[in-house]
Asker: 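Here it is: the structure, laid out below.
None of these values were measured; they are calculated from a predicted model.
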Amino acid sequence: MDNLFLIISIMSFVAIFIFVILSIVKFAKKDSMKGKKQIKFAGISVAVMIASFIGFVSTTDSTETSKDKANEAIETLAKAKPKEETPEEKSTREAKEAEEKAVAEQKAKENAEAKAKADAEAKAKAEAKAKEESVPREYKSALKKAEQYAKNMQMSKAGIYDQLTSEYGEKFPAEAAQYAIDNIVFDWKENALKKAQTYAKMMSMSNSAIYEQLISEYGEKFTPEEAQYAIDNLK
């Protein structure tokens, strides 16, 4: 196509040259009619040459644009085509993916365990609160009294129960006193030791006598195990 436009342009240029020469000759011979006719043909040849030049330029631009687009398409395909992995690269990639998967699974497991623990704690707190709200006021009062006797007077469980229910003591119902004993949390062995220390210091009693006083039904009413702990640690 480029060659065709080039040939037409050359022929048009030659035609222009010929028609211009002929027109000069005609005008020289005073044949103005034919001279004008030759000039007209020369003008037509100029128009053809210009049209050929424009067509040549347009075709060239179009061809260059097509080539550019083709090159861009080839480059895009080259970039889009995945690079083949070497065995070492494949092994490294698979190891990395396996490690990332293991980390993600471990994190998911930890999150699930944390959530389960939080849910369990929330449920336990809710149940404890509901249970506490359902406890009668008198039961709660008996528990507070039991804690005061245990802390301030170093009494045993049995001694506190008797004091809570005694006609001459707190006069709580047996159910309230039992609730207090069942729910009080205290170091009874430590209370037994403190009582033993008081008997030893204030009354200079022997270990045997102190032991009997600690477990006596008419004394402190500690268990034998608690009393023995007190004697073993008495200084």
Asker: With a sphere of 6.0 Å drawn around CD of Glu113, does it hold more than 12 non-hydrogen atoms of other residues, nucleotides or ligands?
Answerer: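 Yes.
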Asker: Can you confirm whether Lys140 sits close enough to Arg137 that some side-chain heavy atom of one is under 4.5 Å from a side-chain heavy atom of the other?
Answerer: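 No, their side chains stay 4.5 Å or more apart.
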Asker: Can you tell me how far the CG atom of Leu214 sits from the CD atom of Gln228, to the nearest 0.5 Å?
Answerer: 10.0 Å
Asker: Just verifying a value: how many Å separate Phe186 CZ and Lys157 NZ, rounded to the nearest 0.5 Å?
Answerer: 12.0 Å
Asker: Counting neighbours of CD on Glu99 that are heavy atoms of other residues, nucleotides or ligands and sit closer than 6.0 Å, is the number greater than 12?
Answerer: no
Asker: Could you give the distance from CE (Met205) to OG1 (Thr198), rounded to the nearest 0.5 Å?
Answerer: 11.5 Å
Asker: Tell me whether Ile210 shares a hydrophobic cluster with Tyr229, the cluster being built from Ile, Leu, Val, Met, Phe, Trp, Tyr side chains joined at under 4.5 Å.
Answerer: no
Asker: Check the hydrophobic clustering (I, L, V, M, F, W, Y; side-chain heavy atoms under 4.5 Å; chains of links allowed) and say if Trp188 and Met153 are grouped together.
Answerer: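 Hydrophobic grouping puts Trp188 with Met153.
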Asker: I need the minimum non-hydrogen distance between Thr165 and Ala177, along with the two atoms involved.
Answerer: CG2-CB, 3.3 Å
Asker: Spell out, yes or no, whether Phe222 and Met202 are grouped together once hydrophobic residues are joined by side-chain heavy atoms under 4.5 Å, including indirect joins.
Answerer: yes
Asker: Do Lys101 and Glu105 make a side-chain contact, defined as non-hydrogen atoms from C-beta onward lying under 4.5 Å apart?
Answerer: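 A side-chain contact under 4.5 Å exists here.
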Asker: Consider only side-chain heavy atoms of I, L, V, M, F, W and Y, link residues closer than 4.5 Å, and tell whether Tyr179 and Tyr149 are in one cluster.
Answerer: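 Yes, Tyr179 and Tyr149 fall within the same hydrophobic cluster.
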Asker: Quick check: closest heavy atoms across Lys145 and Glu170, and the distance to 0.1 Å?
Answerer: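 Heavy atoms of Lys145 and Glu170 come nearest at CE-OE1, 3.7 Å.
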Asker: Has the side chain of Thr92 got a donor or acceptor atom that lies under 3.5 Å from a matching backbone atom of Glu88?
Answerer: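 Yes; judged by distance alone, with no hydrogens or angles, the pair exists.
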Asker: Got a salt bridge between Asp119 and Lys123, using NZ or NE/NH1/NH2 to carboxylate O under 4.0 Å?
Answerer: no
Asker: Could you go step by step and tell me if Glu94 and Lys90 meet the side-chain contact (heavy atoms from CB on, under 4.5 Å) rule?
Answerer: CA-CA 6 Å; Glu94 289 177 347; Lys90 182 178 180 182; 3.1 Å; yes
Asker: When you group the ILVMFWY residues by side-chain heavy-atom contacts below 4.5 Å and let the links chain together, are Ile231 and Leu193 in the same group?
Answerer: no
Asker: Roughly how far apart are Asn233 CG and Glu190 CD, rounded to 0.5 Å?
Answerer: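 Result: 8.5 Å between the selected atoms.
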Asker: So which atom in Ala196 and which in Ala230 form the shortest heavy-atom distance, rounded to 0.1 Å?
Answerer: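 Between these two residues, the closest heavy atoms are CB-CB, 3.9 Å.
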Asker: Taking the side chain as every heavy atom from C-beta outward, state whether Glu225 and Lys189 have any pair of such atoms under 4.5 Å apart.
Answerer: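 Of all side-chain heavy-atom pairs linking Lys189 with Glu225, at least one is under 4.5 Å.
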Asker: Going from CD on Gln178 to CG on Leu164, what distance comes out if it is rounded to the nearest 0.5 angstrom?
Answerer: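 With rounding to 0.5 Å, CD (Gln178) is 10.5 Å from CG (Leu164).
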Asker: Please name the pair of heavy atoms, one in Ile160 and one in Ile181, separated by the smallest distance, quoted to 0.1 Å.
Answerer: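 So the two residues come closest at CG2-CD1, 4.1 Å.
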Asker: Taking all non-hydrogen atoms of both residues into account, name the closest pair between Ala227 and Ile215 and its distance.
Answerer: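 Residues Ala227 and Ile215, closest heavy atoms: CB-CG2, 3.4 Å.
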Asker: Atom CD in Gln197, atom CD in Gln154: separation rounded to 0.5 Å?
Answerer: 9.5 Å
Asker: Answer whether the closest heavy-atom distance between the side chains of Leu234 and Tyr211 falls below 4.5 Å.
Answerer: no
Asker: Taking all non-hydrogen atoms of both residues, which atom of Lys221 and which atom of Ser156 are closest, and how far apart?
Answerer: O-OG, 3.2 Å
